[in-house]
Amino acid sequence: MAEPRELLVHELRDILYAEKKLEQVLPKLVEEATDSGLRAGFEEHLEETREHIENLQQAFEALGETARGQTCPGIDGITTEHEEFVEKHNATPEVLDLFLIGAGSRVEHYEIAAYTGMVRLAESLGEDVCIDLLTENLEDERAALAKLEAAARRLGTARAPAGAR
Ligand SMILES: [Fe+2]
Ligand SMILES: [Fe+2]
């Protein structure tokens with residue numbers, strides 16, 4: 001690979017796979033969450049995730065490329081951790097909610113990093129349609145992370161290290 005444009009297409013394939021995987025996983029989180037606010041947040045993000053997939057399909061189109069995903073081991077790893085935790089630990093509803101907040105936050109950080117890099121790449125390539133579509137997704141991911149952090153504070157898990165406040 002020699003061109004930044006090829007990298008953008010590679011990144012789009014990676015995140016398309018990730019978003020499709022999340023479309024499958026988020027209904028499980030909705031089922032598993034006990035706190036109603038947390039559950040509603042996962043439901044809302046499932047709807048947003050479907051929009052993210054549509055935006056990605058449009059971004060491929062804008063670049064004249066076929067929209068196809070490519071295995072993203074990063075997101076597979078996070079979802080495997082989730083499955084293993086649920087299977088092995090027989091957690092109470094309270095603890096499971098806290099776990100789901102952590103798992104969800106890991107995913108949002110992953111997506112935020114991916115979209116931030118892709119927006120930068122699209123900017124350097126002057127791909128205006130891609131910039132707008134990817135920025136939309138990035139802003140949703142940031143908002144989703146902020147909601148998870150609010151849920152963590154509400155459920156009593158905010159643990160800022162001493163001196164960081
Ligand atoms: Fe997303
Ligand atoms: Fe997300």
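Indexing begins at 1, ligand by ligand and atom by atom, following the structure's order. Starting from 1, each residue takes its place in the sequence as its number. Being a predicted model, the structure only gives us computed values, none of them experimental.
- Going from atom NE2 of H10 over to atom CG of L12 covers 10.0 Å, rounded to the nearest 0.5 Å.
- Neighbours of the Fe ion (ligand 1) restricted to protein N, O or S atoms under 2.8 Å: the count is 5.
- Shown here is R50, whose CZ atom has more than 12 heavy atoms of other residues, nucleotides or ligands within 6.0 Å.
- Checked against the Fe ion (ligand 2), the N, O or S atom of E108 at the shortest distance is OE1.
- Defined by atom type and a distance below 3.5 Å, a donor-acceptor pair is present between the side-chain atoms of N55 and E136.
- When the salt bridge (charged side-chain N to carboxylate O under 4.0 Å, His left out) test is applied to D97, no partner is found at least two apart in sequence or on another chain.
- Contact detail for A91 and F85: the closest heavy-atom pair is CB-CE2, 3.9 Å.
- One finds a salt bridge joining K28 and E83 here, because a Lys/Arg side-chain nitrogen approaches an Asp/Glu carboxylate oxygen to under 4.0 Å.
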